[in-house]
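To start, the structure under review is shown below, and the notes come after it.
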Amino acid sequence: MNTLAYIIYLLITYLVTVRVGFIFYRNGRLFILNLLRQDAALTDFINKILLVGYYLLNLATPR
């Protein structure tokens, strides 16, 4: 019973983290694009690095 609770918890945590990361990725692009004065290539590069860092920090950290 306890194992099932952990599996459900990890699944919900994973889904919430991925969903929030995607929202940050989508909305953060506009913010970074304004900061970098419309340099789309650099904006996409920085935004992808921030997304990977967010996932590594939140999914790789033991709970």
Check for me, please, whether [X] and [Y] land in the same ILVMFWY cluster - side-chain distances under 4.5 Å, paths through other members count.
X: Leu15; Y: Ile12; result: yes
X: Leu30; Y: Ile23; result: no
X: Leu4; Y: Tyr14; result: yes
X: Phe45; Y: Leu33; result: no

Taking atom [atom1] of [X] and atom [atom2] of [Y], what is their separation to the nearest 0.5 Å?
X: Leu10; Y: Tyr6; atom1: CG; atom2: OH; answer: 9.5 Å
X: Leu36; Y: Leu42; atom1: CG; atom2: CG; answer: 5.0 Å
X: Asn47; Y: Ile32; atom1: CG; atom2: CD1; answer: 4.5 Å

Below 3.5 Å, can you tabulate the donor-acceptor pairs from side chains in residues 48-57 to any protein atom, sequence neighbours excluded?
unit_1 : atom_1 : unit_2 : atom_2 : d
Tyr55  : OH     : Val18  : O      : 3.4

| Does Tyr25 have any ring-ring contact (aromatic ring centres under 6.0 Å, His included) partners at least two apart in sequence or in another chain, and if so, which? | none
| For the residue pair Asp44 and Arg29, what are the closest heavy atoms and their distance? | OD1-NE, 2.7 Å
| message | My understanding is that only residues two or more places apart in sequence, or in another chain, count here; which of them pass side-chain hydrogen bond (donor to acceptor under 3.5 Å, both in side chains) with Asp39? | response | none
